[in-house]
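Single-structure report; data block below.
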Amino acid sequence: MDISKFKGCLVGTAIGDSLGANREGAWYISEVRDIGPRYTDDTAMTIGVVESLINCKGFNVDDMTARFIQNYLHEPWRGYGPGPPRIFNMILKGRRRWDEMLDRKLYPGGSFGNGAAMRIAPIGLFYYDEPEKLREIVYKASIITHSHELAIEGAFLQAYAVSLAVNTRKSTLNRYDFLKKLKNITNNEMYFRKLEVMERLLQDKADKIDVINYLGNGVEAINSVPTAIYSFLANNDFEESVVYAVSLGGDADTIGAMTGAIAGAYYGIESIPLKWIEKLENREYIEYLAEKLWELKSESSTK
Ligand code: RVK
Ligand code: MG
Ligand code: MG
C-alpha cells in the first residue's frame, strides 16, 4: 500500500473541488485549468471524515457526526448543500441523534443528494482491502445526513472505486475490468444500468454532450457519481481527468472532487501538477492527514 496513493486521493479531492468551485451550476461545457483559492464543503467534510478516522483509529459514528458539526460551525461559509446544516442544527438544538435519519424530515424518503458520496473517499482508502466492511461503514457514515438508497449506493460505489484505484498499480488499469467490478458489486438497478451505459460511452469515445445526457451532471448522487467514475476512466492522467470532469459543468466542484479522489488514488501525488499543489488551500494539513491515515492503516494491517 502506497503512501503516494493516499496523498494523491486526499489532495486530489481538494484540487478537483477547488478547480470546480467557480463552475458549480454552470450549464455550458467549458475547460478550466486554474484552481480557485478555496475548496468547498466537499473537502471540508472529507477532512472531517479523515480527522475522525485518525482520532478514533477507525470508524466511530458519534465522533464523525460531532466533527461534521464542529467543522461546519467553524466554517459555515464553505457552501454546504441545504440539508446537512439543517440536520446539524436539529442535532444541536433537539438533542437528536444521527441514527434517526433526520434527512427524512427534510426530504421524502431521505436525501438522494451526493453529499455522502462527495466526502467518502477516506473510507475507501482506509477499508480498501475489506469490501464487505467497506459497504457497512459507508452505510453508517452516509446516514448521518443521507439515508436514501441512491445516496448510500452512490457513496458506496465512489468509495469502492477509490479502493479499486488504490489496489490497481499505476499503468496496469483495465478500464472495462474496473467497470465490471463495479457492476458485480452494486445491488442497485439504476446504478447497474448507468455502469452499462458507461461501457458503451467508453467504447464510442462519446462526446461530452452525450456524457451529460446519459450520465448527468447534477447534485443527485445517481447523476454525479457515475459521471465522476467515467471522467476518471475516459482520461489518461490526473490533470486531464479533473479538467474533463469540471468542464461538464453542473455540480462541477463535486464531480471534480470525486474524480480527483479516484484519479489521485490511482496515479498518486506525484502525478498531480505542482502548479495546483502549490496553490491549494490548506495543502500541508491535507497532506498531513493523508500521512496519518496511511500510518494508521499500515499499523492496523501489520497487527
Ligand atoms: C452546494 C427531492 C432531493 C431529494 C429528495 C435534492 C454542495 C435537493 C456540494 C437538494 C454538493 C439537493 C451539494 C442536495 C451536496 C435530495 N427529493 N430532491 N428526496 N434529496 N434532493 O440538501 O449534501 O453544493 O434539490 O441533502 O447532498 O458541493 O437541495 O445536500 O454539490 O438534492 O451541496 O441534497 O448536497 P442535500 P447534499
Ligand atoms: Mg461543494
Ligand atoms: Mg457541489
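In each ligand, atom 1 is the first atom listed, and ligand 1 is the first ligand listed. Nothing fancy with the numbering, it's 1 onward along the sequence.
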| query | Measuring from each atom of ligand 1, which residues have a heavy atom under 4.0 Å away? | reply | Glu24, Asp41, Asp42, Gly79, Tyr80, Gly81, Pro82, Gly83, Pro84, Tyr107, Pro108, Gly110, Ser111, Phe112, Gly113, Asn114, Gly115, Met118, His146, Val219, Asp251, Asp253, Thr254

| Going by the angle between their ring planes, with limits at 30° and 60°, are Tyr72 and Phe88 parallel, tilted or perpendicular? | tilted

| said: Run the side chain to side chain contact (heavy atoms under 4.5 Å, CB included) test against Phe192 and tell me which residues pass, sequence neighbours left out. | reply: Lys183, Thr186, Glu196

| query | With a 4.5 Å heavy-atom cut-off, do Leu164 and Leu182 have their side chains touching? | reply | yes

| Axial cation check for Tyr28 ring with Arg23, 6.0 Å and 45° limits | yes

| request: Kindly confirm or rule out a cation-pi arrangement of Lys297 over Phe126, judged by NZ or CZ under 6.0 Å from the six-membered ring centre and within 45° of its axis? | output: yes

| Flag side-chain contact, heavy atom, 4.5 Å: Met45 against Arg78 | no

| request: For this output row, return yes or no: ring centroids of Phe238 and Tyr267 closer than 6.0 angstrom. | output: no

| Which distance, rounded to the nearest 0.5 Å, do you find between the CZ of Arg67 and the CG of Leu53? | 10.0 Å

| Contacts of type ring-ring contact (aromatic ring centres under 6.0 Å, His included), residue Tyr214, not counting sequence neighbours | none

| Going by chain and residue number, what protein N/O/S atoms come nearer than 2.8 Å to the Mg ion (ligand 2)? | Thr40 OG1, Asp41 OD1, Asp42 OD1, Asp253 OD2

